[in-house]
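Input: a single structure, listed below in structure tokens.
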Amino acid sequence: MINGIKALDRSLRWGMVGGGGTSQIGYIHRSAATRDNNFTLLAGAFDINAERGRAFGTSLGIEADRCYADYETLFAAEAARPDGIEAVSIATPNNTHFAICRAALNAGLHVVCEKPLCFTAAEADELEQLCAEKKKIIGVTYGYAGHQLIHQAREMIAAGLLGEIRIINMQFAHGFHNEAVELQNESTKWRVDPRFVGPSYVLGDLATHPLFIAETMVPHLQIKRLLCSRQSFVKTRAPLEDNAFVMMEYDNGAVGTMWASAVNCGSMHGQKVRVIGEKASLEWWDEQPNQLRYEVQGEPVQILERGMGYLHPSALADDRIGGGHPEGLFEAWSNLYRRFALAMDATDRGDQAFLKDFWYPGAHAGLMGVRWVEQCVKSADAGAIWIAC
Ligand code: NAD
């Protein structure tokens, strides 16, 4: 159980790029990183607008001379200080992730980066290699994967409770962008502009989340090939898709589907992963994250509740309040940031024994997501053909 005691005997000196006062995702980064005192926010280049970023940073209590105009100055100035930051989180629009990650690693920092990690598998490969060379990590914020019940599912599948896996159904299909809301909303505007998001909208922005949850639940399956069809129902978004369907074949003969959509009218989030084996199925839905459905063929449905003593120890290890009281996205993110702190510390100490079996979404997870999106786009743009992965 996590009760707020620091995971390490120190708090990592931490900075942020992006995630400013008007951003969607900055607050959850700060909340998750500082929840258990594993990170202390000391510096940042929080905003594309330097003045606004400085005002925001000082309003958070950061010294004015450590609120920088841009990430280059942040990394150079902090490297020159004996008490400079050791880690940085990147919460900027997607087109900037690669350059900022690379600069951070070159400056000797550990990194937490938003998804998608970058635009191409070649870039992701380069970042993964740079991590190895610099002996630093990149943690990728697939936040939902920090929910305890994802890890419960992983253990149940590993224990063979579902039998051989046959089908994986994944979806992240909300309805918030059924109209051209980007005309009014700054945070949506860049999401449908290829200059900022690269080759895809919902595949990169949404689908990579359930894809990574499924990879976490069923780590032994590899996607062999896929076929993708994508649509731009709001025409001005073309060539970027606001809806996509993907069919996948896995190396054990299993098949999978992904539905990613921003035009699923009436749906709040609609992120679900259902894993179906030869004996039973498991289903997790992010709108009811405290319950995991376990359905054995021929038996009544079992609803496994978060925080209960019957869960696997590795799921209970991330529990914060016990059963009954709901936990949600903020707790899942805090669990991830706690893991990032442990991985950063173990990497600094060269503790390979610890890192060998320690789970967290790292640079390789980022690479897998980027490569998958790349292949989906290739398939869709060639007329929805099968593409090897
Ligand atoms: P946003 O547009 O709401 O905010 C972006 C922030 O970055 C703003 O504060 C902006 O001023 C700042 N910024 C932009 N360019 C910058 C630069 N070069 N240097 C410093 N600051 C800069 O975007 P958002 O919705 O918060 O998304 C940011 C990232 O987070 C995206 O990559 C997005 O895909 C990701 N995201 C992830 C999740 C998740 O669940 N993991 C959820 C939402 C968004």
Side-chain angles (χ1 to χ4, degrees), residues 15-33 43-57 59-60 67-75 88-104 111-119 138-147 150 172 174 176-177 181-182 184-193 195-198 200-213 240 260 262 269 271 286 289 328-337 340 361 365-366 369-370 373:
M16 284 191 80
V17 180
T22 59
S23 75
Q24 182 186 40
I25 207 68
Y27 173 54
I28 195 168
H29 277 274
R30 287 184 289 281
S31 166
F46 295 100
D47 204 297
I48 188 74
N49 177 319
E51 293 243 318
R52 210 168 51 179
R54 181 164 290 116
F56 178 67
S59 75
L60 292 175
C67 297
Y68 301 94
D70 52 61
Y71 72 88
E72 288 99 335
T73 318
L74 164 72
F75 297 159
V88 68
S89 291
I90 300 167
T92 52
N94 305 357
N95 62 315
T96 61
H97 293 175
F98 175 66
I100 304 176
C101 274
R102 190 170 56 180
V111 178
V112 174
C113 186
E114 268 304 341
K115 42 53 56 179
L117 181 57
C118 48
F119 285 170
I138 296 178
V140 182
T141 38
Y142 289 123
Y144 301 95
H147 276 293
I150 306 300
F172 195 157
H174 67 69
F176 286 94
H177 300 166
V181 294
E182 54 270 29
Q184 273 83 43
N185 183 325
E186 286 298 313
S187 268
T188 311
K189 197 177 200 168
W190 64 259
R191 282 177 158 80
V192 294
D193 183 338
R195 289 173 301 166
F196 293 90
V197 291
S200 84
Y201 168 32
V202 294
L203 288 161
D205 199 45
L206 303 178
T208 49
H209 281 293
L211 182 78
F212 183 68
I213 289 175
L240 298 185
H269 231 210
Q271 181 177 203
D286 73 350
L329 190 63
F330 275 67
E331 286 73 26
W333 272 67
S334 304
N335 297 343
L336 276 197
Y337 259 97
F340 293 152
V370 170
V373 172

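The chain is numbered in sequence order, starting from 1. As the structure lists them, so they are numbered: ligands from 1, and atoms in each ligand from 1.
- Using a 4.0 Å cut-off between charged nitrogen and carboxylate oxygen, E51 and R54 do not count as a salt-bridge pair.
- The nearest heavy-atom contact from the protein to atom 7 (O) of ligand 1 is A91 O, 3.5 Å.
- Put simply, the side chain of V88 reaches to within 4.5 Å of the side chain of F75, judged on heavy atoms.
- For the pair W190/R195, no side-chain contact is recorded, criterion being any heavy-atom separation below 4.5 Å from C-beta on.
- Ligand 1 lies out of reach of Y142, whose nearest heavy atom is not under 4.0 Å from it.
- P93 CD, 3.3 Å is the protein heavy atom nearest to atom 14 (C) of ligand 1.
- By the 3.5 Å distance cut-off applied to N or O atoms, H97 is counted among the residues near ligand 1.
- With atom 44 (C) of ligand 1 as the reference point, the heavy atom nearest to it among R191, E114, E72, H209 is part of R191.
- For Y337 and S89, the side-chain atoms include at least one donor-acceptor pair closer than 3.5 Å.
- Using a 4.0 Å cutoff on heavy atoms, K115 counts as a contact of ligand 1.
- Checking only distances, G20 does come within under 3.5 Å of ligand 1, N or O to N or O.
- Annotation: atom 43 (C) of ligand 1 to nearest protein heavy atom, Q24 OE1, 3.3 Å.
- If you check which protein heavy atom lies closest to atom 26 (O) of ligand 1, you get I25 N, 3.0 Å.
- Nearest residue to atom 6 (C) of ligand 1 from C113, S23, G53 is S23 (criterion: closest heavy atom).
- The closest approach between a heavy atom of W333 and any atom of ligand 1 is below 4.0 Å.
- Every atom of ligand 1 with a heavy atom of V17 under 4.0 Å away is listed here by number and element: 19 (N), 20 (C).
- Atom 1 (P) of ligand 1 has its closest protein heavy atom at S187 OG, 3.4 Å.
- Looking only at distances, a side-chain donor or acceptor of K115 sits under 3.5 Å from a matching main-chain atom of D205.
- Under a 4.0 angstrom heavy-atom cut-off, G143 registers as lying outside contact with ligand 1.
- In terms of protein heavy-atom proximity, atom 2 (O) of ligand 1 is nearest to W190 NE1, 2.8 Å.
- Those atoms of ligand 1 that come under 4.0 Å of a heavy atom in A45, given as number and element, are 20 (C), 21 (N).
- Near G18, the atoms of ligand 1 lying under 4.0 angstrom from a non-hydrogen atom of the residue are 7 (O), 12 (C), 20 (C), 21 (N).
- Side-chain N or O atoms of S59 include one that pairs as donor or acceptor with a backbone N or O of F56 at under 3.5 Å.
- Put simply, the side chain of R30 never gets that close to the backbone of M16: no donor and acceptor are under 3.5 Å apart.
- The single protein non-hydrogen atom nearest to atom 10 (C) of ligand 1 is I48 N, 4.0 Å, given as residue, atom name and distance.
- Between H177 and Y201, the two ring planes are parallel [angle under 30°; tilted spans 30° to 60°].
- With D70 contributing its side chain and T73 its backbone, the two residues share a donor-acceptor pair below 3.5 Å.
- Here the protein heavy atom with the shortest distance to atom 29 (C) of ligand 1 is T92 O, 3.3 Å.
- Between Y142 and F212, the angle of the ring planes stays under 30°, which puts this pair in the parallel group of the 30/60° scheme.
- Within the 4.5 Å cutoff, the side chain of R191 has no heavy atoms near those of the F196 side chain.
- Among D47, N94, L206, the residue whose heavy atom lies closest to atom 11 (O) of ligand 1 is D47.
- At a 3.5 angstrom cut-off on N or O pairs, T141 counts as close to ligand 1.
- Here the CG atom belonging to L329 is positioned 9.0 Å from the OG atom belonging to S334, to the nearest 0.5 angstrom.
- For the side-chain contact (heavy atoms from CB on, under 4.5 Å) criterion with H97, the lone passing option out of T92, V17, L117 is T92.
- Remark: ligand 1 atoms within the under-4.0 Å shell around heavy atoms of D205 are 34 (O).
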